[in-house]
Amino acid sequence: MTGGLEGYDAVAEANAQKSVLAIHWSRICERLKAEVGEVEYRTWLRQITVGPVDEDEITLYLPTRFLRDWVRGQYGDRLGTLWNAEVPAIRRVELQVARPGSASATSPADGVTVPAATTEAREEAVPRPAVPAPVAEEPRHAEVRSDLAAPLDPRFTFDTFVVGKPNEFAYACARRVAERPSSPGFNPLFLYGGVGLGKTHLMHAIGAELLREGRVSVAYMSAEKFMYRFIAAIRSQSTMEFKEQLRSVDVLMIDDLQFLIGKDNTQEEFFHTFNALVDAGRQIVVSADKSPSDLSGLEDRLRTRLGCGMVADIHATTFELRISILEAKASASGVVVPAKVLEFLAHKITSNVRELEGALNRLIAHANLFGRPVTLEATQDVLHDILKAHDRRVTIEEIQRKVAEHWNIRLTDMSSARRARAVARPRQVAMYLAKQLTSRSLPEIGRKFGNRDHTTVMHAVTRVTELMEQDPAFAEDVELLRRMLES
Ligand code: ADP
Ligand code: MG
């Protein structure tokens, strides 16, 4: 990368790398924020500036040595994992000291300068203080003493939560708890479901609602944070203070309880806190990735108590819910995203809401950045990597086999001429799924179903869509098949 024309190319390439990294970084920041909470994020992580990538290592800058060491100790591994998940080629994260925007933020090696080009930075467009506020002293004390009042993400409210079949029960329970905390039957409230389906969102919404009313004190923290605080309290011999603080709140919310599996002492402490609070008529809200009975590794007595109140499951999203969520988020962003694009995303990204949101955010960021309208083509381009990762590679044969098994018909009937409904309906479902889950064209699909015409496939797609709207049991069957094929 030296001299003349090559140098010019290097600059162009560096700029391209810069914008790509900025997009990845803004996604990582979103995740970090969701994981650690707004306050923690603002205090420590927002100071990070993205530097260059060298082979499998990315350099991140922090403005002071203190911050660098703190971030390395607390988040070093996590940053590595997140970067690797975003960009598999990146395997290591190097944290260095350099003030954002200063000359030292330029890597001397290859001349790539990457200012804090995160969405955050763009949104705010205010220079950050040269010396971040919390740098003052001993972090550990600040941590232990810090107020238990929760760092709630202001975006996570009931208003911004899109309700659909998979989450309506959990939503109703959360609302109920926010309206009348500590009602019998709802204490504890145990929310569970897979990653990125809205557990944290609902907990924050409960917190926001209660705080808005201003009637109660709320403490929200992840189980990890709970453990961290507990251990820090032991170290600084302030466990009494810690206990008192916790036991003085009206509503305690602990997120991702599965983290406590195998952490016996912390579990024990949580159990006692839990009992003390419930006995005193306070509300507990807990989330986990599994139901209490499936959380093996948690102490039995804790599991039993956790299951004593209301247990609400958040199911995997349906296509309809994904569409509603995308519509809500797109309209909030102010960027016009055509229905076609939303449908495309809802079909392609089925894993969870976080991924879906991430994809949409990137599209929106792109549209804002380049001032170009969002089209299907641009979407495929901008989300190339995400879509590739979600490419299901399901074959039509697989679909036919699974569907035939499901309705107990012969595989050969998928291509036979028989028109009996018992055969024709499953065949239509298989065509519908082939259209949804593969990139085959209608004529191609038709050929695989006994050389049928593409209009027959089109008819099948319309018919199945209609039936799914009319008949929830049928819709569930089809969704189930889809999920099986996707996994
Ligand atoms: P979990 O805690 O279950 O892993 P989160 O609550 O962090 O998931 O949700 C991941 C992201 O998806 C968040 O940005 C959240 O706002 C969003 N999200 C999840 N479910 C919904 C929903 N029903 N409506 C709107 N946004 C949602
Ligand atoms: Mg969560």
Side-chain angles (χ1 to χ4, degrees), residues 26-38 40-41 78 81-82 85 119-120 150-175 177-178 189-209 220-227 253-260 285-291 294-295 311-333 337 342 345-346 349-365 386:
S26 74
R27 281 162 51 83
I28 292 175
C29 287
E30 285 302 308
R31 250 173 209 232
L32 281 169
K33 224 185 292 174
E35 284 175 14
V36 306
E38 188 79 16
E40 189 83 359
Y41 171 78
R78 189 68 193 133
T81 313
L82 287 173
T119 358
E120 270 293 314
L152 297 173
D153 190 319
R155 294 167 312 162
F156 294 172
T157 63
F158 285 124
D159 289 344
T160 57
F161 192 83
V162 181
V163 186
K165 233 177 166 15
N167 59 27
E168 62 189 5
F169 182 64
Y171 173 83
C173 293
R175 270 236 108 113
V177 165
L189 171 61
F190 189 101
L191 298 169
Y192 78 95
V195 213
L197 296 181
K199 302 181 294 293
T200 300
H201 189 134
L202 281 180
M203 292 175 105
H204 285 218
I206 294 174
E209 191 70 18
Y220 163 89
M221 67 183 93
S222 65
E224 192 173 5
K225 188 78 166 257
F226 179 88
M227 183 186 80
M253 300 197 274
I254 303 286
D255 206 350
D256 290 320
L257 198 80
Q258 71 274 7
F259 185 83
L260 293 194
V285 181
V286 164
S287 86
D289 61 351
K290 297 194 190 71
S291 72
D294 288 337
L295 275 177
V311 177
D313 180 357
I314 306 186
H315 299 271
T317 57
T318 55
F319 177 72
E320 288 68 31
L321 179 60
R322 291 196 292 278
I323 286 285
S324 311
I325 290 173
L326 286 169
E327 277 169 355
K329 305 217 180 229
S331 99
S333 79
V337 185
L342 298 182
L345 290 179
I349 303 174
T350 54
S351 45
N352 66 51
V353 184
R354 188 175 292 134
E355 300 273 338
L356 197 62
E357 205 177 27
L360 183 70
N361 284 344
R362 197 199 283 190
L363 264 191
I364 290 168
I386 301 184

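Numbering of ligands and ligand atoms starts at 1, following listing order. Quick caveat, the model's predicted, so the values are computed rather than measured.
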Please identify which atoms of ligand 1 are closer than 4.0 Å to at least one heavy atom of [X].
X    : result
V162 : 22 (C), 23 (N), 24 (N), 25 (C)
F156 : 13 (C), 14 (O), 15 (C), 16 (O)
V195 : 4 (O)
G198 : 1 (P), 3 (O), 5 (P), 6 (O), 8 (O), 9 (O), 19 (C), 20 (N)
N167 : 23 (N)
T160 : 24 (N), 25 (C)
V353 : 12 (O), 17 (C), 18 (N), 19 (C), 20 (N), 21 (C), 27 (C)

Nearest-0.5 Å distance that lies between atom CG in L202 and atom SG in C173 | 9.5 Å

Just how far is it from atom OG1 of T81 to atom CZ of R31, taken to the nearest 0.5 Å?
-> 11.0 Å

With backbone taken as N, CA, C and O and side chain as the heavy atoms from C-beta onward, which portion of T200 lies under 4.0 Å from ligand 1: side chain, backbone, both, or neither?
-> both

Could you tell me whether K329 approaches ligand 1 through its side chain, its backbone, both or neither, with non-hydrogen atoms closer than 4.0 Å?
-> side chain

Heavy atom of A34, distance to ligand 1 below 4.0 Å = no

Quick one: does G194 get a heavy atom under 4.0 Å from ligand 1?
-> yes

Please indicate whether any nitrogen or oxygen in L197 is less than 3.5 Å from any nitrogen or oxygen in ligand 1.
-> yes

Nearest heavy-atom pair of [X] and [Y]: which atoms, and what distance?
X    : Y    : value
T350 : R322 : CG2-NH2, 3.3 Å
A330 : S333 : O-OG, 2.7 Å
L152 : A208 : CD1-N, 3.6 Å
I314 : G198 : CD1-C, 4.1 Å
G193 : K199 : O-NZ, 2.9 Å
A346 : L326 : N-CD1, 3.9 Å

Starting from atom 4 (O) of ligand 1, find the nearest protein heavy-atom neighbour and note its residue, name and distance.
-> G196 N, 2.6 Å

Heavy atom of the protein closest to atom 16 (O) of ligand 1 (residue, atom name, distance) | H201 ND1, 2.6 Å

Take E320 and K165 through the test salt bridge (charged side-chain N to carboxylate O under 4.0 Å, His left out) and record every step on the way to the result.
-> CA-CA 9 Å; E320 288 68 31; K165 233 177 166 15; over 6 Å; no

Within less than 2.8 Å of the Mg ion (ligand 2), how many protein N/O/S atoms are there?
-> 1

Just jot down the side chain to side chain donor-acceptor pair (under 3.5 Å) partners of T160, sequence neighbours excluded, or say none.
-> T157, H201

Checking salt bridge (charged side-chain N to carboxylate O under 4.0 Å, His left out) for the pair R155/E30: CA distance, chi angles, key distance, verdict?
-> CA-CA 12 Å; R155 294 167 312 162; E30 285 302 308; 2.9 Å; yes

Could you pull out, from K33, R354, E357, the option with a heavy atom nearest to atom 7 (O) of ligand 1?
-> R354

Does a side chain donor of either D256 or S222 reach within less than 3.5 Å of an acceptor in the other side chain?
-> no

Under 3.5 Å: donor-acceptor pair, side chain of N167, backbone of V162 | yes

